[in-house]
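Values in this document were obtained by computation on a predicted structure and should not be read as measured data. We name chains A, B, ... by the order of the sequence lines, and we start the count at 1 in each one.
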There are 2 protein chains.
Amino acid sequence: MEEDRYIVKKGNVTIKEIAFDAKVSIATVSMILNNKDKKISEATRNRVLEIAKDLNYIPNTMARSLITRQTKTIGLIMPDITNPFFPEIARGAEDKASQSHYSIIYCNTDDNIGREDQYINTLTEKMVDGIILAHSSDREESSYGLNRNRVPIVLIDRDFSFPNIVGKVLVNNKDASFKGVNYLLEKGYEKIVYIAGPMTTQTAKDRLDGYKMALSERGVEYRDNYVKIGDYKAQWGELAVKEFLNEGISFDSIFCGNDLIAIGAIKALKNAGMQVPEDVGIIGFDDIYMASMMDPELTTIRQPNYEMGFRAAELLINEINDRSENIEKGNMDVKKIILETELIIRKSS
Amino acid sequence: MEEDRYIVKKGNVTIKEIAFDAKVSIATVSMILNNKDKKISEATRNRVLEIAKDLNYIPNTMARSLITRQTKTIGLIMPDITNPFFPEIARGAEDKASQSHYSIIYCNTDDNIGREDQYINTLTEKMVDGIILAHSSDREESSYGLNRNRVPIVLIDRDFSFPNIVGKVLVNNKDASFKGVNYLLEKGYEKIVYIAGPMTTQTAKDRLDGYKMALSERGVEYRDNYVKIGDYKAQWGELAVKEFLNEGISFDSIFCGNDLIAIGAIKALKNAGMQVPEDVGIIGFDDIYMASMMDPELTTIRQPNYEMGFRAAELLINEINDRSENIEKGNMDVKKIILETELIIRKSS
DNA sequence: AAGAGTAGATTAAACGTTTAACCAAATTCA
DNA sequence: TGAATTTGGTTAAACGTTTAATCTACTCTT
C-alpha cells in the first residue's frame, strides 16, 4: 500500500480502463473529461468522473497534443538569466502563462547565436505553441535556425526583423536614454561618458541615439572617445571605468547601458578613491531589484520588467488562440506594444 | 518562395512523405533517421537523408514520446527565481541538460506549496522524465500533489522526505554555518545575532544548529532573542536589523541566512549610521554574484551554486537512463551528493 | 399512427512515430 | 545443388487520445 507510491508503474491508467470500468465507450469518457458532454446523462457523467478519480487518472498530454496540435507550452529564450533583469521578465511571463494553463520551457543562450538557433529548433521540435524571444546580441541577418522555425514568435526587449514574428513588446529606448542623459545635464553634469552594451542590439543603438540627442539638444558636443562598447555585465562596467581612468579622460558622470554595468562602474570608482555622486554621477538602466540596495542607491531608468514578460506572454497566448480558432484569419500584422519607462531618481546622481 | 517562410503550413512534413518520395517504407525511414540502420544500404540511406533534408523534415516529438515514453524534458521547480542564487543553479542544470539533449521546463513557486503541488502535477502530465526540486518553505508532511506524482525527483538545496526521490544534491549546512560563525568569533566578535530564513526548511534548521554549535564550542551563551526568523529576501534583512535596533538589543555582528538578507542588513545598518565592518561585522551565505559587488564586499559562505544545478541534472539524467535501460533494476537507494562550502573572506567582517 | 426530433450514446479514423516480427532475394557453405 | 545464412528491407501493431459521423431507442407533433 505504502510502497506502491514508490514504484514506477509500467503502464498508467488510461481513458480505456476508465471506459471499461464504467461500461461506456472511450469517446464518452473523453467527452466527459473535456467538458464536451452536452449530451451525456448526469448519471454516467458522475460515474465516469468518480472512476477517473478513483483510478487516479492522469491524461497523457502526448497523445492529446498529437491530435490537437497544441502543447500548451511556450518557450522563453533569454540571453542571460544571471542578469536579474531577465528573471524579472521571466516571472511576468510565467505568471501569465500559468494563469492560462501554459507551461514555460526556459532557455538561456549566453548571448550566443549558435545556442539560440539550436534552441529555436529544439523548441520547434517539441512543438511549443509559441516562443518569447529576447534575441542574443550577436545575431546576424539570417541563419539556419530561422528557416526551420514554424512557430509564432513574440520579440521582447530587443527589436529585430525575423520570420514568424507576431508581436513585439518593447520600450522606447531612445526616449528613455534621452530622459536619463537630460536629467544628468540638468543636474549640471557636463562631461557625460557612456558605457554601453553590445551595439548589435537595436536596444543599444537606440540608447546611443537618445544619448546623442540629449547632448545635441543642449549644445554639448558628442565625442567618440566618451563612449565605450562592451557587454551587459558588471565586470564590463568595472573594466570600462578603469580604461577611462587610464586613458586620462576626464568625466563627471556616467550613463550606463544597464544597472549591472552601473554597479560595476561604482565599484571601480570607489576603488579609485572617487565618490559617487559627488565626484562622478551615475545613472543606470533597467531598475533591477538590486539597484535600490546599492550604496549609493542607484538612479536609473526603470523598465517595467515584470510587465514586459507578462504582456509578451499575453500577446503570444492570444495570438495562439486566435490562430487555432480561425486558422485562415491570416492576420499578418505584428502587434507592437510599447511600454513606458520612468526615471527613478535615487542617490547616485 | 520568400513568403513561404511566413506561412504556417497546415500539415508538416512527416516521415510518411519522405518514405513516399524515397520509395521505401516508413519503417526504413524511421530507422535511418534514428541511426538504427545497421541493415540499410548506403544508397537508400543517403537518398532518404537527402530527401529529409530537402523537405526540411522536423520530427514530431509527441508521436515519438507517445511510444518511447520519454520526453527528453525535465522540470526544474524553484521557490524564487528572483533570488540570484537560483538562476545560478538553473544555469548549471540547463548546461548539463542541454549537453545531454534534454530541455528544461522551469517553474517558480513563489515559495507557495499550492503552486508547487500544481506544478508537480502539470509536469507529471507533461510527462517530464524527471524533476529537480528545491521545495518551497511551507511544505508540510504530505499533500495532494505528491500522490499523483510518478516521476523521479532529485532534491536540491533543501532536504526533505518525499515519494519518488532518487537523489539529493546538498551542502553540509551545519558545518558551513559553523565555519562562518566560528570565523566571526575568531575575529573577536562576541555578540553575534542571526537573521535566519524560514525555519520550515531543513537548510535553515541546520544552519541554526551550526550557529549554536559554534557558540557553545567557544562557551558563548546562546540567546533566543538573538535570532530572528523571516524569509530569504533583502527586505527581511533590512526589517530585522531595524527590529534589533528598536528592541535595543546590542550586537557587534550579524550572521545572515543568505546574501540577500545580508545585503538588506547592510543597507539598514548604513541608514542607521553604523559602519560595516567597524561597528558591525556581517557575514552572508551563498556567495551570489552580487556579493562581491557590494560596498563593503560581502564576506560569505560560498555554495557551489552552478555545480549544484549541474550535478543535480547529471544525477537525474543518469537515473533516467538507468531506469529506461533496466526497468527492473529496482535500485531504490537515493544517491546523495554533498558538496563542499567555502568561507569567502572579503570586507564585511 | 407515421414522421420528425432528440437524448444519449457508440464507431472508427486519425495524429506521426517506433519496433518486433516477418519476408524475399541473393549469397555462402558443405 | 540444396540448405542455411545474410542482406536489405517491409508489415502491422501499438502508443492514448480526439472528434466527426453514425446509430438506436424514445418522445413529440400533427
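Between the E116(B) side chain and the S136(B) main chain, a donor and an acceptor come within less than 3.5 Å of each other.
The phosphate of dC15(D) (OP1 or OP2) has no side-chain N or O of R64(B) nearer than 4.0 angstrom. At the phosphate of dT18(C), OP1 or OP2 sits under 4.0 Å from a side-chain N or O atom of N34(B). Residue S30(A) places at least one side-chain N or O closer than 4.0 Å to OP1 or OP2 of dT18(D). Contact between the side-chain N/O atoms of K16(A) and the OP1/OP2 oxygens of dT17(D) is not found at any separation under 4.0 Å. When the side-chain nitrogen and oxygen atoms of T14(B) are compared with OP1 and OP2 of dG16(C), none of them lie within a distance under 4.0 Å. Between K36(A) and dT18(D), a side-chain N or O to OP1/OP2 separation shorter than 4.0 Å is absent. Taking side-chain N and O atoms only, S41(A) has a distance below 4.0 Å to OP1 or OP2 of dA9(C). The side chain of S65(A) places no N or O atom within less than 4.0 Å of a non-bridging phosphate oxygen (OP1 or OP2) of dT17(D).
The 12-atom threshold is not exceeded at CD of E50(B), counting heavy atoms of other residues, nucleotides or ligands nearer than 6.0 Å.
Rounded to an integer number of Å, the gap from I15(B) CD1 to dT19(C) P is 11 Å. In this entry the distance linking CE of M62(A) with C1' of dT18(D) reads 16 Å, nearest Å. Taking atom CD1 of residue I32(A) and atom C1' of nucleotide dT10(C), one finds them 13 Å apart after rounding to whole Å. In this structure, N46(B) places its CG atom 13 Å from P of dG8(D), rounding to the nearest Å. When the P atom of dG8(C) is taken as reference, atom CZ of R47(A) falls 13 Å away, rounded to whole Å. Per the geometry, CE belonging to M31(A) stands 16 Å off P belonging to dT17(D), to the nearest Å. Residue Q70(A) contributes atom CD, which lies 11 Å from atom P of dT19(D) at whole-angstrom precision. I40(B) places its CD1 atom 10 Å from the C1' atom of dT7(D), with the value rounded to the nearest Å.
Across every non-hydrogen atom of K336(B) and L170(B), the tightest pair is CE-CD1, 4.1 Å. Between I320(A) and Y102(A), the shortest heavy-atom distance links the atoms CG2-OH, 3.6 Å.
Expressed to the nearest 0.5 Å, how far CD1 of I104(A) lies from CG of N108(B) amounts to 10.0 Å.
Looking at the side chain of A63(A), the nearest of the listed nucleotides dA14(D), dA7(C), dG16(D) is dG16(D). The side chain of I67(B) approaches dC15(D) more closely than any other nucleotide in the set dG16(D), dC15(D), dT18(D). With dT19(D), dT18(D), dG8(C) as the choices, the nucleotide that has an atom nearest any side-chain atom of I26(A) turns out to be dT18(D).
In this structure, A43(B) and L66(B) both approach DNA chain D, and ranking their closest nucleotides by distance from the 5' end singles out A43(B). Of the two residues contacting DNA chain C, namely T28(B) and N60(B), the nearest-nucleotide position lying further toward the 5' end is that of N60(B).
Among the atoms of the strands shown, none is found under 4.0 Å from any heavy atom of T61(B).
In this structure, S65(A) and M127(A) have side chains that are not in contact, with every pair of non-hydrogen atoms separated by 4.5 Å or more.
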